[in-house]
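Only one structure is covered here, and it is reproduced in the block below.
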There are 2 protein chains.
Amino acid sequence: MPPRAPRLSASARRASIIDAGRFVFARRGYEATSVEEIAERAKVSKPVIYEHFGGKEGLYAVVVDREMDYVVRRISEAIAQGEPRERLEHGALAFLTYVKDHPDGFAILAHDAPAAGGGMLSLLSDLGERVSEVFTAAFKAGGYDARAAPIYGHALVGMVTFVGQWWTTVRKPPIEEVATHIAALAWMGLRHLPKRPTSIRNRPR
Amino acid sequence: MPPRAPRLSASARRASIIDAGRFVFARRGYEATSVEEIAERAKVSKPVIYEHFGGKEGLYAVVVDREMDYVVRRISEAIAQGEPRERLEHGALAFLTYVKDHPDGFAILAHDAPAAGGGMLSLLSDLGERVSEVFTAAFKAGGYDARAAPIYGHALVGMVTFVGQWWTTVRKPPIEEVATHIAALAWMGLRHLPKRPTSIRNRPR
DNA sequence: GATGAAACCTACGCGTCCGTAGGTAGAAGG
DNA sequence: CCTTCTACCTACGGACGCGTAGGTTTCATC
């Protein structure tokens with residue numbers, strides 16, 4: 001008989017199951033994850049998970065929620081103060097720091113939610129929405145076309161997340177450098193943006 | 001007995017199965033897709049699919065390959081000639097046109113590949129790699145830091161794909177307008193990029 | 001040391017899904 | 001009319017995964 005692991009309090013057990021869930025969900029994706037694998041990793045039997053989270057979907061919801069909360073909090077802190085450009089770079093750096101330090105959480109957010117119900121394509125589109133709101137306010141104040149603000153908001157988030165995904169495979173150069181480049185690109189792009197961009201297709205040579 | 005559907009030639013049947021497969025894979029994702037649902041939609045029985053494609057994974061591979069080929073061809077054509085900025089905007093427009101006209105294909109490319117084996121996070125990272133190569137050449141020629149080129153390459157692809165995902169949910173404004181905005185952002189950003197971007201963190205106030 | 005609750009287990013029912021075995025129906029050529 | 005080839009079918013084996021029923025161990029408290 002293998003030596004029984006010590007019993008844990010309810011909340012401690014919850015935490016260890018969440019950790020295991022994040023680990024497995026990140027690698028296999030929601031659909032391909034089996035509750036049994038999570039149980040095995042958390043060194044518990046299946047019913048414990050059902051006891052605490054009601055099922056696979058319940059656990060997934062908790063994991064996602066926690067992760068989402070964490071990123072949003074971190075980014076909010078980072079862009080809370082400073083000049084605009086500073087806030088931009090700090091925001092990018094905060095996100096990339098999350099990518100670096102919590103790759104499993106990032107993988108989950110970047111992947112798809114459970115296909116059922118027809119939710120959003122990616123959890124991150126929610127983040128894009130928030131950034132878009134910030135941009136809409138700024139565009140109105142600056143005399144730009146507010147209708148176009150979501151384009152830039154989502155472009156920014158897409159930029160950072162996609163580079164983040166790439167970075168996790170290469171892990172080089174250091175994220176500080178990456179953040180600097182991205183911030184420079186976005187800042188220069190926004191800074192020199194015409195009030196009403198026109199297509200080169202509508203301009204004669 | 002329901003009137004039997006007319007028999008099809010092997011290649012015609014293949015095509016109809018590919019269509020059905022793309023449809024279902026796009027909505028459910030790879031894991032959650034059942035071969036039976038594809039068969040049902042293609043109005044065939046399961047063994048026909050196994051006859052033609054060897055199995056679920058085989059069909060998926062064919063669908064992805066076809067889609068990937070199509071996008072790459074379209075973008076290549078779009079950026080084949082013209083001034084740099086023209087090529088940029090035409091490339092973005094070509095991609096967004098694909099998103100608009102082939103939403104199912106786009107959904108598949110944007111989602112995850114079969115988790116098994118540990119392939120790439122998204123099929124689109126492959127596209128990011130190609131763009132990065134173009135950027136690397138251009139950076140070398142222009143005296144910029146070539147090591148940073150992949151950052152910009154992936155940033156660009158991320159920008160466009162993420163905006164594309166958002167656009168599919170809103171379908172507004174018209175893609176031509178979206179392409180113009182994105183191209184303006186990217187162009188202005190790249191145009192005014194310092195040779196060696198420095199972090200604002202390293203500069204005194 | 002009894003009692004009760006909380007943590008945890010083994011074992012199974014039930015559905016679903018992949019892939020295949022083995023046979024039928026229609027067309028093409030002798 | 002008969003053979004044969006190709007498209008296509010029904011029906012099933014085997015595996016796996018979700019969620020639950022019902023019992024067992026540990027711990028605190030009286």
Taking distance alone, no hydrogens or angles, what donor-acceptor pairs closer than 3.5 Å link side-chain atoms of residues 71-82 of chain B to residues at least two apart or in another chain?
| from | atom 1 | to | atom 2 | distance (Å) |
| --- | --- | --- | --- | --- |
| B/Arg73 | NH2 | B/Asp69 | OD2 | 3.1 |
| B/Arg74 | NH2 | B/Tyr70 | OH | 2.9 |
| B/Ser76 | OG | B/Val72 | O | 2.7 |

With sequence neighbours excluded, tell me which residues meet ring pair (Phe, Tyr, Trp, His ring centres under 6.0 Å) with A/Phe23.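 A/Phe23 satisfies ring pair (Phe, Tyr, Trp, His ring centres under 6.0 Å) with no other residue.
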Sequence neighbours excluded, which residues qualify as salt bridge (charged side-chain N to carboxylate O under 4.0 Å, His left out) partners of A/Glu36?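 Here the qualifying residues are A/Lys46.
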Residues in salt bridge (charged side-chain N to carboxylate O under 4.0 Å, His left out) with A/Arg191, at least two apart?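 So A/Arg191 forms no salt bridge (charged side-chain N to carboxylate O under 4.0 Å, His left out) with any residue.
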Report, one line per pair, each donor and acceptor closer than 3.5 Å where one atom sits in a side chain of residues 171-180 of chain B; sequence neighbours left out.
| from | atom 1 | to | atom 2 | distance (Å) |
| --- | --- | --- | --- | --- |
| B/Glu177 | OE2 | A/Arg147 | NH2 | 2.9 |
| B/Thr180 | OG1 | B/Glu89 | OE2 | 3.4 |
| B/Thr180 | OG1 | B/Glu176 | O | 2.8 |

Rounding to an integer number of Å, can you tell me how far [X] [atom1] sits from [N] [atom2]?
X: B/Glu40; N: D/dC8; atom1: CD; atom2: P; value: 17 Å
X: B/Phe53; N: D/dC8; atom1: CZ; atom2: P; value: 12 Å
X: A/Glu31; N: D/dC16; atom1: CD; atom2: C1'; value: 15 Å
X: A/Glu57; N: D/dC18; atom1: CD; atom2: C1'; value: 12 Å
X: B/Tyr50; N: C/dG19; atom1: OH; atom2: P; value: 4 Å
X: B/Arg28; N: C/dC18; atom1: CZ; atom2: P; value: 12 Å
X: B/Arg14; N: D/dA7; atom1: CZ; atom2: P; value: 12 Å

Would you tabulate the pairs of protein nitrogen or oxygen atoms and nucleotide nitrogen or oxygen atoms of nucleotides 11-17 of chain C closer than 3.5 angstrom?
none

Pairs satisfying salt bridge (charged side-chain N to carboxylate O under 4.0 Å, His left out), at least one member in residues 148-161 of chain A, at least two apart: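 Counting only pairs at least two positions apart or across chains, no salt bridge (charged side-chain N to carboxylate O under 4.0 Å, His left out) contact touches residues 148-161 of chain A.
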Polar atom pairs between nucleotides 6-8 of chain C and protein, under 3.5 Å, N or O only, would you list them?
| from | atom 1 | to | atom 2 | distance (Å) |
| --- | --- | --- | --- | --- |
| C/dA7 | OP1 | A/Ala10 | N | 3.3 |
| C/dA7 | N3 | A/Arg7 | NH2 | 2.5 |
| C/dC8 | OP1 | A/Leu8 | N | 3.2 |
| C/dC8 | OP1 | A/Arg13 | NE | 3.1 |
| C/dC8 | OP1 | A/Arg13 | NH2 | 2.8 |
| C/dC8 | OP2 | A/Arg13 | NE | 3.2 |

Using a 6.0 Å distance limit plus a 45 degree cone around the ring axis, check whether B/Lys56 lies over the aromatic ring of B/Tyr30.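 Ring-cation test returns yes.
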Name all residues meeting the side-chain contact (heavy atoms from CB on, under 4.5 Å) criterion together with A/Glu129; count only those two or more places apart in sequence or in a different chain, and write none if there are none.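 Partners of A/Glu129 under the side-chain contact (heavy atoms from CB on, under 4.5 Å) test: A/His154, B/Trp166.
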